[in-house]
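Here the structure is laid out as structure tokens; the discussion comes afterwards.
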Amino acid sequence: MGRLENKVAVITGAASGIGRATALRFASEGAKVVVADVAHDAGNAFATEIGGTYVHVDVANEQSVESLYATTVDVYGGIDILFNNAGISPADDDSILTTGLDAWRRVQEVNLTSVYLCCRYGIPHLQRRGGGSIINTASFVAVMGSATSQVSYTASKGGVLSMSRELGVQFAREGIRVNALCPGPVNTPLLQELFAKDPERAARRLVHVPMGRFAEPEEIASAVLFLASDDSSFITASTFLVDGGINGAYVTPL
Ligand SMILES: NC(=O)c1ccc[n+]([C@@H]2O[C@H](COP(=O)([O-])OP(=O)(O)OC[C@H]3O[C@@H](n4cnc5c(N)ncnc54)[C@H](O)[C@@H]3O)[C@@H](O)[C@H]2O)c1
């Protein structure tokens with residue numbers, strides 16, 4: 001028996017990176033997985049590979065999110081797990097002194113409004129099942145400051161963190177757990193693209209990781225599996241750091 005046998009999980013941003021690694025892991029643990037993404041071709045091919053279902057969604061669009069869940073219920077009959085993970089980190093989101101309002105708003109929409117929408121329309125489905133687990137992807141930057149700023153990204157993740165905490169408290173007695181996953185830097189296309197443009201920025205960040213390396217997406221997927229499964233049955237409203245020790249460090253090893 002897998003740890004997610006007979007559970008239905010909706011994973012946003014599942015065509016790449018952390019979402020993809022998690023979808024793979026969930027499927028191997030017996031879950032029925034909905035691969036939800038804007039990346040149609042990659043998402044579709046991947047869903048077929050893992051025996052799941054691809055649903056095209058723009059997480060910043062209200063109607064699109066509503067119909068994501070409607071389709072999931074049509075296909076699988078209900079929903080137990082939401083991994084609200086899709087996010088962007090565009091290069092024009094930088095210092096507050098140079099980041100324009102359009103860039104600011106786009107990141108807020110895709111990273112924060114999306115989590116609001118996914119929880120607003122997803123929680124009623126979990127209530128119908130009598131409980132469930134929600135994991136919202138925040139980031140270690142929600143709890144620490146950086147001099148190499150991405151101001152809207154950081155603010156969006158702070159919002160995801162505090163919203164998750166509040167939802168975890170509000171729905172605790174209904175058996176719905178809500179946790180904010182806070183990964184440290186992870187070796188995914190999102191990070192690779194950002195750092196390829198600015199290797200100095202990558203090197204500066206690496207210095208602050210006690211483990212001296214970025215995480216692999218599979219290491220984050222293991223933590224998401226824990227939060228999604230009954231193994232974490234007494235954990236809700238938490239700031240769940242998976243960061244190679246960054247948050248605990250003052251001086252890192254040479
Ligand atoms: N990689 C890191 O270092 C890191 C660290 C902390 C937190 N995170 C967060 O983890 C999450 C996943 O990041 P990743 O590194 O796997 O990124 P990634 O770029 O590899 O994957 C993101 C996925 O989200 C999808 N997506 C983007 N906009 C979307 C939209 N509007 N609607 C639906 N899907 C959309 C993309 O198509 C892609 O498949 C993000 O929320 C990111 O902010 C990443």
Side-chain angles (χ1 to χ4, degrees), residues 10-25 34-47 54-69 82-91 93 105-118 135-144 146 148 150 152-161 163-164 180-196 201-202 205-206 208-209 211 213-221 223-224 227 239-244 246-247:
V10 180
I11 303 181
T12 68
S16 175
I18 295 169
R20 184 184 165 94
T22 303
L24 203 59
R25 190 73 200 274
V34 170
V35 171
D37 209 293
V38 273
H40 184 84
D41 291 349
N44 220 352
F46 177 56
Y54 173 72
V55 180
H56 185 90
V57 68
D58 175 358
V59 289
N61 180 293
E62 187 168 17
Q63 254 189 332
S64 186
V65 170
E66 255 193 294
S67 74
L68 162 66
Y69 296 133
L82 307 178
F83 181 29
N84 299 320
N85 163 76
I88 55 171
S89 177
D93 175 24
R105 285 191 172 136
R106 180 73 191 134
V107 172
Q108 293 296 315
E109 289 282 304
V110 177
N111 289 8
L112 178 57
T113 305
S114 64
V115 175
Y116 152 77
L117 290 173
C118 288
I135 303 101
N136 295 324
T137 306
S139 168
F140 72 109
V141 300
V143 297
M144 306 183 74
S146 166
T148 55
Q150 296 170 270
S152 186
Y153 182 91
T154 297
S156 74
K157 295 303 187 180
V160 170
L161 175 60
M163 179 168 37
S164 305
L181 175 80
C182 295
V186 188
N187 185 19
T188 69
L190 178 139
L191 193 79
Q192 288 155 7
E193 278 161 35
L194 189 72
F195 287 165
R201 181 178 279 218
R205 292 224 181 177
L206 210 47
H208 297 284
V209 188
M211 287 196 180
R213 64 174 179 87
F214 297 147
E216 292 304 319
E218 292 72 22
E219 294 177 289
I220 306 301
V224 185
L227 291 173
T239 302
F240 203 87
L241 283 157
V242 187
D243 69 350
I246 298 172
N247 193 251

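We use all heavy atoms of the structure for the numbers below, so side chains are in, but hydrogens, waters and symmetry mates are not. We count ligands from 1, going down the list as the structure has it; atoms in each ligand are counted the same way.
Short contacts between ligand 1 and D58, defined as distances under 4.0 Å to a heavy atom of the residue, involve ligand atoms 30 (C), 31 (N), 32 (N). Listed by atom number, the atoms of ligand 1 under 4.0 Å from Y153 heavy atoms are 6 (C), 7 (C), 8 (N), 9 (C), 42 (C), 43 (O), 44 (C). Close approach of ligand 1 to I18 is summarised as follows: ligand atoms under 4.0 Å from at least one heavy atom of the residue are 10 (O), 16 (O), 44 (C). In summary, the atoms of ligand 1 found under 4.0 Å from a heavy atom of A138, numbered by their order in the structure, are 7 (C). Short contacts between ligand 1 and G17, defined as distances under 4.0 Å to a heavy atom of the residue, involve ligand atoms 16 (O), 20 (O). Ligand 1 places these atoms under 4.0 Å from at least one heavy atom of P185: 3 (O). Those atoms of ligand 1 that come under 4.0 Å of a heavy atom in K157, given as number and element, are 40 (C), 41 (O), 42 (C), 43 (O).
The only option from P185, P183, S146 that meets the side chain to side chain contact (heavy atoms under 4.5 Å, CB included) definition with F140 turns out to be P185.
For ligand 1, the polar-atom distance check against S139 finds no nitrogen or oxygen pair separated by under 3.5 Å. Among the atoms of N111, none of the N or O lies under 3.5 angstrom from an N or O of ligand 1. Considering backbone and side-chain N/O atoms, F140 never comes within less than 3.5 Å of an N/O atom of ligand 1.
Ranking protein heavy atoms by distance to atom 18 (P) of ligand 1, first place goes to S16 OG, 3.6 Å. Closest to atom 36 (C) of ligand 1 among all protein heavy atoms lies D37 OD1, 3.4 Å. Looking only at protein heavy atoms, the nearest one to atom 10 (O) of ligand 1 is T137 CG2, 3.2 Å. Atom 19 (O) of ligand 1 has as its closest protein heavy atom L190 CB, 3.4 Å. Distance from atom 5 (C) of ligand 1 to its nearest protein heavy atom, with residue and atom name: G184 O, 3.3 Å. Here the heavy atom of the protein found nearest to atom 40 (C) of ligand 1 is N85 O, 3.2 Å. Considering only non-hydrogen protein atoms, atom 22 (C) of ligand 1 sits nearest to G87 O, 4.0 Å. Considering only non-hydrogen protein atoms, atom 33 (C) of ligand 1 sits nearest to V57 O, 3.2 Å.
A donor-acceptor distance shorter than 3.5 angstrom exists from the side chain of S64 to the backbone of D58, with no hydrogens or angles considered. In this structure a side-chain-to-backbone donor-acceptor pair under 3.5 Å is present from Y69 to C118. Side chain of N84 to main chain of V115: no donor-acceptor pair is present (N/O by atom type, distance under 3.5 Å, no hydrogens or angles). Proximity of a side-chain donor or acceptor of D93 to a complementary backbone N or O of V107 within less than 3.5 Å is not detected.
Remark: distances from the non-hydrogen atoms of V38 to ligand 1 include one below 4.0 Å. In this structure, S114 falls outside the shell of residues with a heavy atom less than 4.0 angstrom from ligand 1. A heavy-atom separation below 4.0 Å is not found between F214 and ligand 1.
Ring geometry for Y54 versus H40: interplanar angle over 60°, hence perpendicular rather than tilted (30 to 60°).
Heavy-atom proximity to atom 15 (O) of ligand 1, evaluated over V35, T188, L191, D243, is greatest for T188.
Residues T113 and Q108 bring no donor and acceptor atom of their side chains to less than 3.5 Å of each other. Judged by distance alone, the side chains of S114 and E109 never bring a donor and an acceptor atom under 3.5 Å apart.
The nearest pair of heavy atoms linking T137 to V160 is O-CG1, 3.7 Å.
A salt bridge is absent between E218 and R20; no separation between the charged side-chain nitrogens and carboxylate oxygens falls under 4.0 Å.
In this structure, M211 places its CE atom where only 12 or fewer heavy-atom neighbours from other residues, nucleotides or ligands lie under 6.0 Å away.
Applying the salt bridge (Lys or Arg N to Asp or Glu O under 4.0 Å) test to R105 and every residue at least two apart in sequence or in another chain returns nothing.
To the nearest 0.5 angstrom, L227 atom CG is 4.5 Å from F240 atom CZ.
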